[in-house]
Structures are given as structure tokens and as C-alpha cells.
Amino acid sequence: MNLFRTFQAQIVDVIEDLIKAGELPEGLDTSRITVEPPRDASHGDISTNAAMVLAKPAGMKPRDVAALIAPGIEALDGVENVDIAGPGFINAGLSDAFWHHQLGQILNSGTDYGNSNLGDGEKINVEYVSANPTGPLHVAHARGAVVGDALVNLLRKAGFEVTSEYYINDAGNQVDQLARSAHLRYREALGEDIGEIPEGLYPGEYMIAIGEELADTLGDGLKDAPEEEWIETFRNVAIERLMDQIKDDLAALGIEQDVFTSERDLVAAGKVEHVQELLEARGLIYRGVLEPPKGKAAPEDWEPREQTLFRATDFGDDTDRPLKKSDGSWTYFSNDIANHLDKFQRGFSTMIDVWGADHGGYVKRMQAAVRAVTEGEGELDVKLCQIVHLKKGGEPFRMSKRAGNFVTLRDLIDELGESGKDIIRFIMLTRKNDSQMDFDLDKALEQSRDNPVFYVQYAHARCHSVLRNATGVLSEADLAPEKLAGADMSVLSDPAELELIRMLANWPKTVEAAAESHEPHRIAFYLNDVAALFHGLWNKGKDNVQLRFIDEDDADATRARLALVVGVATVIASGLQVMGVTPLDELR
RNA sequence: GCGCCCGUAGCUCAGUCGGAUAGAGCACAGGAUUCCUAAUCCUGGGGCCGCAGGUUCGAAUCCUGCCGGGCGCACCA
């Protein structure tokens, strides 16, 4: 529970008391009342819009309503003073003791601080990565992987019951081409000169080992056999190997997903037919001919064709969408509807998909389908991840080990060294998912203010450095968080110290807001703010000896200040945990 | 031509789902280190929040229309 929510509930109580007493009219809607930290610190610690929201329905002036509510707020625990300002804001200042108490709570909670019951155990499914099993992951996948995974952690922290999921596109033409590529490499492994890899097949070197394995296990009997005899086996083996590799790459990024759903299995289980029956029964399927796209040059082979169409326009899409290909097989779209219906039937009425921006044109139709197939009970939020431009020293970066090849995720991790995982994860979260991003390899390794990964890690390491130095004044046992939580915090009275505590106490609200909006990047920005205040306070100790964390002549003051230091380290660690980044105690 | 995303300081970006005088970093100018990591910090200038209307107590935020950039646009996945 974040403290602003607590105050919000208390203020609503105050208002209800006023209604009972006849001071305010009955039937006021209190749901729009918010309590927030004011942007300007001079306006106090908390601020509510209650008077402005209630003024109109109550038929009163905002300031008059505020005057009625203010005394009730002033009487609340922790409130020191109340002020009515501007158009009718009620601002309240909280006592130092209140903030000291918050700090104690941080120490007692550890990195669980910020955990919330906001989600109330509601089930949410987050699908991300879902790359085709036709090759290793490349950088373009990294952003979605990180965003999705951080979102999972974030939602869990906020009290949702989250399942992380990968949808394997193992049906359709692409995996058949994969099987053919494997067969070619199989023949190559048996000594045949295969020459150039034909257009449409997968030329990557990663196919060679698969071909060799197939040759080892199957012998040469399938070398000249017709495709029907081998395609299934080759497909299965290739997909399995590539999925293993993808899982390894994800593991290197610290990602391990709960559920892997196979498109092929969904089809085989008849789930797509089920979708069709369901839509048919609701009158949402018809045979029809689509208009060619206007303006843009029509596809070469376009011809008016009667198709099996889903009435997507009834659910907010721009045009109706085909469910079957001309050869009678299901479209990718049909299968993906089955995928989402399946998720819904497994109990997820809230679903989040993380996609690349190039799939943006697919959002509306999928959302339309989810609405149709769940009768409005299911909700799909799609997070689109914009492209990442790799750079090195400001120049576009290409790592063309093989001419024309993409940069694999593995290459990127290796390039960044042992902290590669943490660096990638942090940087990928320093932009909103839908804005484009430059990823500069030099900057990412730089140890400077310029590099947010370093800046936040440095703050955390500094905290631990202080604690290491503190053993001269306090015993190990005295440095335990739960021990420090009981310290007399009253020396923490400098504005910079209190500002830092306020920032730390903002963590639970940050978690809830980020979780509600499905925006994990907010965590990165918050941590940057925490680090900035901490570095600032640290440097104040240079001018003002009174503010140094360790005072060899005053164990009590040291205890209180170290409580603050541990609080900072705790909140940073808690935030990094959500991002999937390992906090460092030392940077040397 | 249609749809989606974006447009905020010279540059890169935040902006707590409608709040008060719009914030950081970089860059630029100046300053702080016998002292817990100066790998840091402090001070300063910088803005028509793309443009124009609308909604209301109140708009960077919501609606409409333009302008500019990115992505996508039958039976690929």
C-alpha cells in the first residue's frame, strides 16, 4: 500500500464524516479524488484535489469546500500543517517523524519494500519474444525480451499472478523452409556439395550443426528420399534445436519464461476449428471479396478473390480479415486467435503482448478478435517496441562476421563483457517502449554520469562502501537493517536528507503506477532520481561535515545516517530486481 | 489513399493515466577534492510543449483538423 493511497482513503473518510454531519450534500462521487506529491516541494508533502473535484456537484466554491475539509486532514496522523492554495488544492506537510517512520519500514521490509496488493492476485498473461524458431535471436528481439520480462517482474511485485509466455510459430510455410534448409545441410554433412543456398531457405551457419546431427542420427537413407518422408522429422529436430538455442540466449539475458505454447499443437488440437465455430455461431464469418489497398500500388498478383472473412470491422478494425488461405489452410491470424482464446480459457482475461513495431498493423485486428471471441470479457494490451539502432562511438554499428548478417543477441552480450546482461537490460529500459532508441556500445561501457547503468550501480556501490567503512564505528551486528530500523532518526533533519527519504518512500507508488500503466521504463527513471539525490547528499558531506554518514564520535548519529544509506541501497536493489539487473556492491 | 506510433530546451529524453511557475542528462559558462570512491557534486543561461481550434475551474496530457517524421497496409509469419 503506498502512502498516498493511505491518505486518499483517510481523506475520503473525512469527507464522509462531513456528509454525515450535514456539512456537505449526500451522494458526492469521491472516486476522482487523488492524493499526490506536489511537484513543487514548497507546497508540502501531499496534495489533494478533493475540494476542486467536489465543488461543482456540491454547489460550492472550491475554496469553501477546502475550508470544510482542511481541519479533518490536519487531524490525521503524521500531518503537521495544512494549507489551501491555488484554485483549491489542499496541501499538507508531514512531520519529520512520519518520514523517519517510513524509513524504518523500508529497513524492515528489505527489497520486499514496494510490494503491493494492487493486483489482488488477478491473473495476467504476458507474451513476449515469440520469435520464429528459424534462427538465433538478434538485437531486435532483445528490447521486447527485456521489456516483457521486466513487465512480468513489475506486475508480480504489484500483486498480480503473472504467467510469462512464448508463442512458438512452428506452423506454416517458414518452418517447412527451415526443414528444407536442414535437409540441405544434412546432405552437405554427408559429403555432398550443395553450392549456394537457394533463395527462400535459411542460409545461416547455425544450420550446419543441425545437418550434421541429422546425418549422425539418421544415416544417409533420406538423402534422395522424397520430401514427404523426411520433412516432419527434419522440421521437428530443427525447431527443437533452435528453440534450445533461443532459450539459452534468453537465459543469458536472465530470462526464463513459464510457458511455451506451440502453434502447431494448437492447430492439431483443433483449437482453430473451435475458433471458427465460435465466430460462425455468432455470425461473425462470411464469404466475401476484399477491396485492394487504395493509393498504394496494389500487389503484383492481386486479384479479386472470395475469402473466408472475419467481421473485424464490427470490433473496431479498419477492414475485415481473412481466416483462410486460398489453399484452404488457416492464416497466421486464425491460429493466433486460437492462441489468445486458449490463454483466455486458461483464466487470463488480461493479456499483454509485446511485439516489434513492424507488427503495429496487426494490433487492431488481434484486439478485435479477442473482443469477439471472449464476448468482451478478455482484454489485450499490446506493447510495441520501436527499433533499436546499435552504435559505437556515435557511428552505426555493424558486426558483420558474416556478410549481410544481423547482429545476434549473443554477439551483443559478448561484446559488452561480463556485465553484458545487466547493461542491456538497463539500457533497454531507459526509453519508453514506443520511442526509438540508440544503443551506443561505447557509452554503455563508460563509467560516467552519461551512462545510467553505471550511475545507478555506482550509487548502490557507494552505499556499500560506506557500510564497509562504518565497521570502525559500529559492530557488524549493529549494521543489520532491522537493528538500524530501531535507531533514533531525529538527527535526519536536513532538507537534503528528508528529500531523499521522501524519494525512497515514493517507491511503492512508483511500482503501482508503472504496473498500472504497463510501463517498466519508469523504474529506470525513478532509480536515476534516487541515485541523483544520494550522490548529491554525499557531496554535501564534503562542505558540511555534519552531513557525513559516519561520525566517529557519535555512534547514535551514525546509526541514523546509516539507516538512510541502507534505505537507499535497499530501494535501489529492489528496483534493479524488477529490472532484472544484479545490484553491485563494488565497482572497481 | 487508409491505419497506428511519435513531435517537449541546441542534442537525447522524462512528465506520476486533466493539476499549481513544464523537468532531468548531455553540451555551454563558472565553481567544489588535506575529508566515507571527484567514476561525483553545486551554480547559471536557455521553451509558442509541431500549428490552429474545441471540451472545463484548469490541457504538454482529452477531442477535431492540418503540418512534419517512423512503421504497416489481401491468401507472409
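Chain letters run A, B, ... following the sequence lines, proteins first, then strands; residues in each count from 1.
B:rG47 and B:rU56 have their C1' atoms separated by 25 Å, with the value rounded to a whole Å. When the C1' atom is compared between B:rU40 and B:rU33, the two are found 10 Å apart, to the nearest whole Å. Taking atom P on both B:rC13 and B:rC71, the two are 16 Å apart, rounded to the nearest angstrom. B:rG15 and B:rA22 are spaced 8 Å apart, taking the C1' atom of each and rounding to whole Å. The gap from the P atom of B:rC49 to that of B:rC62 amounts to 16 Å, rounded to the nearest Å. Going from the P atom of B:rC6 to that of B:rG50 covers 12 Å, rounded to whole Å. Comparing B:rA9 with B:rG23, their P atoms sit 14 Å apart, to the nearest whole Å. The same atom, C1', is picked in B:rU21 and in B:rG30; the two are 26 Å apart, to the nearest Å.
When both pairing distances are held under 3.5 Å, B:rC17 makes no Watson-Crick or G-U pair with any nucleotide shown. Figure legend. B:rC49 is base-paired to no nucleotide; pairs are counted as Watson-Crick or G-U wobble with both atom distances under 3.5 Å. Under the Watson-Crick or G-U wobble criterion, with both distances below 3.5 Å, B:rC71 is paired with B:rG3. With a cut-off of 3.5 Å on both pairing distances, B:rU33 has no Watson-Crick or G-U wobble partner at all. Figure legend. B:rC26 is base-paired to B:rG10; pairs are counted as Watson-Crick or G-U wobble with both atom distances under 3.5 Å. In this structure, B:rU55 forms no base pair with any nucleotide, since neither Watson-Crick nor G-U wobble geometry is met with both distances under 3.5 Å.
At least one side-chain nitrogen or oxygen of A:Arg449 sits closer than 4.0 Å to the OP1 or OP2 atom of B:rC41. Contact annotation: A:Lys325 reaches the phosphate of B:rC76 (side-chain N/O to OP1 or OP2, under 4.0 Å). Within the 4.0 Å cut-off from OP1 or OP2 of B:rC36, not a single side-chain nitrogen or oxygen of A:His535 is found. In this model, the phosphate group of B:rC75 is not approached by any side-chain N or O of A:Thr331 to a distance below 4.0 Å at OP1 or OP2. Checking the phosphate oxygens (OP1, OP2) of B:rU40, no side-chain nitrogen or oxygen of A:Lys542 falls inside 4.0 Å. Put simply, A:Tyr455 has a side-chain N or O that comes within less than 4.0 Å of OP1 or OP2 on B:rC41. Listed pair A:Trp330 / B:rC75 fails the phosphate criterion, with no side-chain N or O lying under 4.0 Å from OP1 or OP2. For the OP1/OP2 pair of B:rU16 and a distance below 4.0 Å, the side-chain nitrogens and oxygens of A:Arg5 include no atom meeting the criterion. Applying the 4.0 Å criterion to OP1 and OP2 of B:rC36, one finds that A:Thr558 has every side-chain N and O outside that range.
Comparing atom distances between the A:Lys432 side chain and each of B:rG15, B:rC76, B:rA38 picks out B:rG15 as nearest. Nearest to the side-chain atoms of A:Lys509 among the listed nucleotides B:rC75, B:rU16, B:rU37 stands B:rU16. Considering only side-chain atoms of A:Asn469, the nucleotide from B:rC36, B:rC75, B:rC71 that sits closest is B:rC36. You'll find that the side chain of A:Tyr332 is closest to B:rA77, out of B:rA77, B:rU16, B:rC36. In the set B:rC36, B:rC75, B:rG15, B:rC36 carries the atom at the smallest distance from any side-chain atom of A:Ile550. Closest to the side chain of A:Lys364, from the set B:rG3, B:rU40, B:rU12, is B:rG3. Residue A:Gln436 places its side chain closer to B:rG70 than to any other of B:rC6, B:rG70, B:rA77. You'll find that the side chain of A:Asp434 is closest to B:rC5, out of B:rG15, B:rC5, B:rU37.
When heavy atoms are screened at a 4.0 angstrom cut-off, A:Glu291 is found touching no nucleic acid atom at all. Within the nucleic acid shown, A:Phe525 comes within 4.0 Å of sugar-phosphate atoms alone, with no base atom in reach, counting heavy atoms only. At a threshold of 4.0 angstrom between heavy atoms, the contacts of A:Gly536 are confined to the sugar-phosphate backbone, with no base atom among them.
Note on ring orientation: taking the six-membered ring where Trp is involved, the planes of A:Tyr526 and A:Trp507 are parallel (angle under 30°, cut-offs 30° and 60°). Between A:Phe310 and A:Phe315, the ring-plane angle classifies as parallel under the 30° and 60° cut-offs. Classified by interplanar angle (parallel below 30°, tilted 30° to 60°, perpendicular above 60°), the ring pair A:His521/A:Phe525 is perpendicular.
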What's touching nucleotides 17-22 of chain B from the protein side, N or O pairs under 3.5 Å?
from: B:rC17; atom 1: OP2; to: A:Glu36; atom 2: OE2; distance (Å): 3.1
from: B:rA20; atom 1: OP2; to: A:Arg39; atom 2: NH1; distance (Å): 3.1
from: B:rA20; atom 1: N6; to: A:Ser47; atom 2: OG; distance (Å): 2.6
from: B:rA20; atom 1: N6; to: A:Asn91; atom 2: OD1; distance (Å): 2.6
from: B:rA20; atom 1: N1; to: A:Asn91; atom 2: OD1; distance (Å): 3.3
from: B:rA20; atom 1: N1; to: A:Asn91; atom 2: ND2; distance (Å): 2.9

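There is no side-chain donor-acceptor pair under 3.5 Å between A:Lys443 and A:Ser448.
Looking at A:Arg431, its side chain has no donor and acceptor atom pair within 3.5 Å of the base of B:rC13.
Between A:Asp353 and A:Lys383 there is no salt bridge, since no side-chain nitrogen of the basic residue lies less than 4.0 Å from a carboxylate oxygen of the acidic one.
Taking the six-membered ring for Trp, A:Phe549 and A:Phe534 have ring centres closer than 6.0 Å.
Taking the centre and axis of the six-membered ring of A:Trp330, the NZ or CZ atom of A:Lys324 falls inside the cone set by 45° and 6.0 Å.
Along RNA chain B, the nucleotide nearest to A:Asn539 and the one nearest to A:Arg365 differ in position, and the one closer to the 5' end is contacted by A:Asn539.
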